[in-house]
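Structure first, then comments.
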Amino acid sequence: MPELPEVETVRRGLLPVMEGEQVRRVVLHRRDLRFPLPDDFEARIEAATIESLDRRAKYMLAHLSNGNVLLMHLGMSGRFIIHRHDETAAAGSFYHRTASDTTPKAAKHVHVVFEMASGDIIEYADHRRFGVMDVFPRAQLSSHKLLEKLGIEPLGNELSGTFLNEAFRGKKAPLKAALLDQHIVVGVGNIYACEALYRAGLSPRRMSNTITSRSGTTARAERLADTIREVLQDAIAAGGSSLRDYVNADGELGYFQHAFDVYDRAGEECRREGCSGTIGRIVQSGRSTYFCPVCQR
DNA sequence: CGGGACTCCTGCCAGC
DNA sequence: TGCTGGCAGGAGTCCC
């Protein structure tokens, strides 16, 4: 599932075909993603050059030379498929179709196509249509509804035990729910919330305020801040090192399945040295939580 | 205002 | 074999 590391890896996969490149044409097969695409979506993008492709939380932000910003969110099933322009292809073939024609899963659900001036084609497929795209003037960036209330980035200097101590003071929601709350720390989804809590040895059911104190920080808050960052960094490193696999032969930027310690491991042995626990699964706010009831307290 | 339930959507898989 | 129901999950919205 696309959490921050997957979005970051997809962003890096898109850089070579997007950054510094001009969009020739935008083709929409349907406009109803999670929110309807604005009527002027194509017009705001066509002929513009993508000056940079950034990430904020789980959103990718393409800054366009015409002053607009293209916002893209993968939702749960969003995928990009890259068709590199094949210069060795026979004249007349605009781009080299690959085996993705035979990958019905993604090909069937291509909703947005960016035809680049380079000849490269970038397709966005999203069978569940939980993904989001929008285009708006750069001046509206900080006030954009989807961006303005986002919490801090987990990979920067802001995330610390002190920050979590402050954010979780007086917060009664379980730690798992607090980690999923994008208004506090962004980028953590269901999988990495489980993994971070496991590494921190904290129960997902523990009330958030129980890892805080009036003194400004606690050992548990420090530890959790560290494991959030580590879990995400490790996943990005794994995604980056496997980028060639990640951008598969079909040009599809898929989600690399990382090796998880607890996620989807219900009934299996806890991997912590000296722990004899068995990974359990519970449901919290409608979502599966995996954890070790023995070493997570 | 905080927190939980509900909602969007479709593919997939277990179970009958 | 084919249908059904449950599950997956990011995040906005609604309601208590």
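Computed from a predicted structure; not experimentally measured. Residue numbers start from 1 in every chain, and the chains themselves are labelled A, B, ... in the order their sequence lines are given, proteins ahead of strands.
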Quiz item: Is the closest side-chain donor-acceptor distance between A:Arg287 and A:Asn190 under 3.5 Å?
Solution: no
Quiz item: Between atom NE2 in A:His127 and atom P in B:dC12, what is the gap in whole Å?
Solution: 7 Å
Quiz item: Using a cut-off of less than 4.0 Å, is there contact between a side-chain N or O of A:Lys58 and OP1 or OP2 of C:dA11?
Solution: yes
Quiz item: On DNA chain C, nearest-nucleotide positions of A:His183 versus A:Gly286: which is more 5'?
Solution: A:Gly286
Quiz prompt | Short side-chain N/O contact from A:Ser288 to OP1 or OP2 of C:dA8, under 4.0 Å | solution = yes
Quiz item: Within the stacking criterion (centroid distance below 5.5 Å, interplanar angle below 30°), does A:Phe130 stack on C:dA11?
Solution: no
Quiz item: Any side-chain N or O of A:His73 under 4.0 Å from OP1/OP2 of C:dA11?
Solution: yes
Quiz item: Given B:dC8, C:dC7, B:dG3, which nucleotide is nearest the side-chain atoms of A:Ala173?
Solution: B:dG3
Self-check item: Contact under 4.0 Å: A:His109 side-chain N or O vs B:dG11 OP1/OP2
Solution: yes
Exercise. May I ask you to say what A:Leu146 touches in the nucleic acid, namely base, sugar-phosphate or nothing, with a heavy-atom cut-off under 4.0 Å?
Key: sugar-phosphate
Quiz item: Does NZ or CZ of A:Arg272 come closer than 6.0 Å to the centre of the six-membered ring of A:Tyr198, within 45° of the ring's axis?
Solution: yes
Quiz item: Which of these nucleotides, C:dG12, B:dT10, C:dC7, is closest to any side-chain atom of A:Arg281?
Solution: C:dC7
Quiz item: B:dT10 C1' sits how many Å from A:Leu33 CG, rounded?
Solution: 14 Å
Exercise. Using heavy atoms to find the nearest nucleotide of DNA chain B for A:Gln284 and A:Arg129 separately, return the residue whose nucleotide is more 5′.
Key: A:Gln284
Practice problem: Using atom CZ of A:Arg56 as one end and atom C1' of C:dG10 as the other, report the distance to the nearest whole Å. | Solution: 16 Å
Quiz item: Can you check the A:Asp181 CG to C:dA11 C1' distance for me, whole Å?
Solution: 10 Å
Self-check item: Earlier contact from the 5' end, DNA chain B, for A:Arg287 and A:Ala177
Solution: A:Ala177
Exercise. Verify the distance criterion only: is there a donor paired with an acceptor across the side chains of A:Tyr290 and A:Glu268 at less than 3.5 Å?
Key: no
Quiz prompt | Partner of A:Leu179 by side-chain contact (heavy atoms from CB on, under 4.5 Å), out of A:Leu164, A:Leu224, A:Leu202 | solution = A:Leu224
Exercise. Find the distance A:Leu4:CG to C:dG10:C1' and express it as a whole number of Å.
Key: 13 Å
Exercise. To the nearest Å, give me how far apart CZ (A:Arg128) and P (C:dG10) are.
Key: 10 Å
Exercise. Tell me what A:Lys145 touches on the nucleic acid: a base, only sugar-phosphate, or nothing, going by heavy atoms under 4.0 Å.
Key: nothing
Quiz item: Between A:Arg199 and A:Glu195, is there a salt bridge with N-O shorter than 4.0 Å?
Solution: no
Quiz item: With respect to the side chain of A:Lys171, which nucleotide from C:dA8, B:dG3, C:dG12 is positioned closest?
Solution: B:dG3
Practice problem: Send over the distance from A:Leu71 CG to C:dA11 P, rounded to a whole Å. | Solution: 11 Å
Quiz item: Whole Å only: how far is the CG atom of A:Asn190 from the C1' atom of C:dA8?
Solution: 9 Å
Quiz prompt | Side chain proximity check, A:Ile184 to A:Phe163, heavy atoms < 4.5 angstrom | solution = yes
